[in-house]
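The shown structure was predicted, so the numbers you read here are calculated from the model rather than taken from an experiment. Index from 1, following the sequence.
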Amino acid sequence: FLNAVEISPTIKEKALNIIGKSTDVDEKIGKLFQFVAVNVRNINFAFGIGGYKTNKSEDVLKNGYGDWKDKSALFISLLNSVGIKAYPALANSNAIPIEKDIPTLKQFNMILVAIPKKDNYIFLNPFSNNSLYGYFFNGRNTETLIVKDNGTEFVKATCNKESESISRTTIEINLKKNGAISGKIYSNMCGLFDFVLRNNTKDLREKEKSIFFTHLINRLLEGAKSKNERLSDPRNIFKNMEISQEFSGTEFAIKQGNLF
């Protein structure tokens, strides 16, 4: 893997082009991550030697695609080329406990990228192209084996605090005397909730979005009408997903008379 990490003139030129005039380290990391995660296409290839051999970063950059290993190596190469140290972190996507005394390669099936920060690490998964920046579904909260220049270290991989799994929903409802209802519902999502909504909506066309919103509100009230729907851009990995819609319907409540 480490042989595929390289700081060539091509890699450095690309990294400088991506970060532009950014001077903040976290901003540089975010821009380089977005390029690798979103612009370099994901492929799954784990047959024979392809399951262990990592392609040169310059080749991955040129081809525009790579597997887990390739994209992690490219991300590390880009980071290193602008002076940001980063290491590969071997992990298991199925959260299977690692035998620390015998850390064989067969125990690992994915590579995260560990970036030193103060007394800890920032863990990022450049294969996560459809989730909020800093969140990764596979490998989170598992023990990883970080391979450094002077040895190895076991560290638990955690997502950024800003991307923890939280869903906040507010509903405004107006109930009329005849049982009709109208209102508005709004949700702001992070982590797993963001991941699910982002992946369910990222490829929807406008007509499909309309159907999606209709199905969504019909879980609350069968036959309800939806309007003024809004869905944040699933392609923007730096902004957590937001969704809202107004609705109206009849016969939500039925008058039962004086019960007391």
Side-chain angles (χ1 to χ4, degrees), residues 1-2 4-42 54 56-58 60-61 64-91 110-142 144-149 153 155-165 190-191 194-195 198 233-241:
F1 178 90
L2 295 178
V5 176
E6 53 187 340
I7 306 178
S8 67
T10 301
I11 293 291
K12 187 166 186 177
E13 181 183 1
K14 186 63 178 180
L16 292 173
N17 178 263
I18 294 169
I19 65 175
K21 297 181 179 180
S22 298
T23 56
D24 181 74
V25 173
D26 289 335
E27 188 175 341
K28 291 179 182 179
I29 294 172
K31 286 185 175 182
L32 293 173
F33 174 85
Q34 181 182 37
F35 171 78
V36 178
V38 178
N39 294 78
V40 180
R41 185 163 53 90
N42 290 351
T54 306
K56 291 284 187 180
S57 294
E58 197 166 309
V60 177
L61 181 63
Y65 62 83
D67 65 9
W68 228 317
K69 306 179 302 300
D70 298 332
K71 295 186 68 171
S72 292
L74 175 59
F75 185 35
I76 293 174
S77 296
L78 291 168
L79 289 168
N80 289 349
S81 70
V82 293
I84 300 173
K85 196 63 180 175
Y87 305 107
L90 306 182
M110 65 179 291
I111 298 179
L112 301 173
V113 173
I115 305 169
K117 187 173 184 179
K118 296 182 179 179
D119 297 328
N120 207 338
Y121 293 92
I122 298 172
F123 287 92
L124 294 171
N125 179 8
F127 219 65
S128 295
N129 59 344
N130 292 315
S131 60
L132 184 64
Y133 174 66
Y135 176 81
F136 47 93
F137 182 76
N138 298 109
R140 72 191 189 286
N141 298 325
T142 62
T144 67
L145 180 64
I146 299 177
V147 182
K148 301 189 291 186
D149 301 331
E153 179 184 8
V155 179
K156 186 178 181 180
T158 57
C159 300
N160 291 352
K161 290 184 178 180
E162 294 79 6
S163 64
E164 288 180 352
S165 297
C190 293
D194 173 279
F195 175 79
R198 195 179 295 267
D233 186 1
R235 296 167 296 181
N236 184 353
I237 64 172
F238 296 107
K239 189 177 186 302
N240 48 313
M241 290 295 293

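Using a 4.5 Å heavy-atom threshold, the side chains of Ser72 and Pro126 count as touching.
Between Asn160 atom CG and Cys190 atom SG the span is 11.5 Å, to the nearest 0.5 Å. Here Asn125 contributes atom CG and Tyr135 contributes atom OH; the two are 11.0 Å apart, rounded to the nearest 0.5 Å. Rounded to the nearest 0.5 Å, atoms CZ (Phe136) and SG (Cys159) are 4.0 Å apart. Taking CD1 of Ile7 as the start and CG of Asn80 as the end, the distance is 5.0 Å to the nearest 0.5 Å. From Lys14, atom NZ reaches atom OG of Ser77 across 14.5 Å, with rounding to the nearest 0.5 Å.
Ring geometry for Tyr87 against Tyr121 counts as perpendicular: the plane angle is over 60°, on a 0 to 90° scale with 30° as the lower cut. Note on ring orientation: taking the six-membered ring where Trp is involved, the planes of Phe195 and Phe137 are parallel (angle under 30°, cut-offs 30° and 60°).
The two residues Ile237 and Asn129 make their nearest non-hydrogen contact at CG2-O, 4.3 Å. For the pair Lys69 and Ile111, the tightest heavy-atom approach, listed with the atom from each and the gap, is CG-CD1, 3.8 Å.
Remark: Tyr65 OH is loosely packed, at most 12 non-hydrogen atoms of other residues, nucleotides or ligands lying under 6.0 Å away. Residue-environment remark: CD (Glu153) exceeds the threshold of 12 foreign heavy atoms within 6.0 Å. Annotation: Lys117, atom NZ; neighbour count of heavy atoms from other residues, nucleotides and ligands within 6.0 Å does not exceed 12. Applying the 6.0 Å contact sphere to NZ of Lys239 captures more than 12 heavy atoms from other residues, nucleotides or ligands.
Between the side chain of Glu6 and the backbone N or O of Glu58 there is at least one donor-acceptor pair closer than 3.5 Å. Side-chain N or O atoms of Thr144 include none that pairs as donor or acceptor with a backbone N or O of Ala91 at under 3.5 Å. Of the possible polar contacts, none joining the Lys31 side chain to the Ile18 backbone as a donor-acceptor pair under 3.5 Å is found. Distance alone, capped at 3.5 Å, is enough to place a donor-acceptor pair between the Arg198 side chain and the Asn236 backbone.
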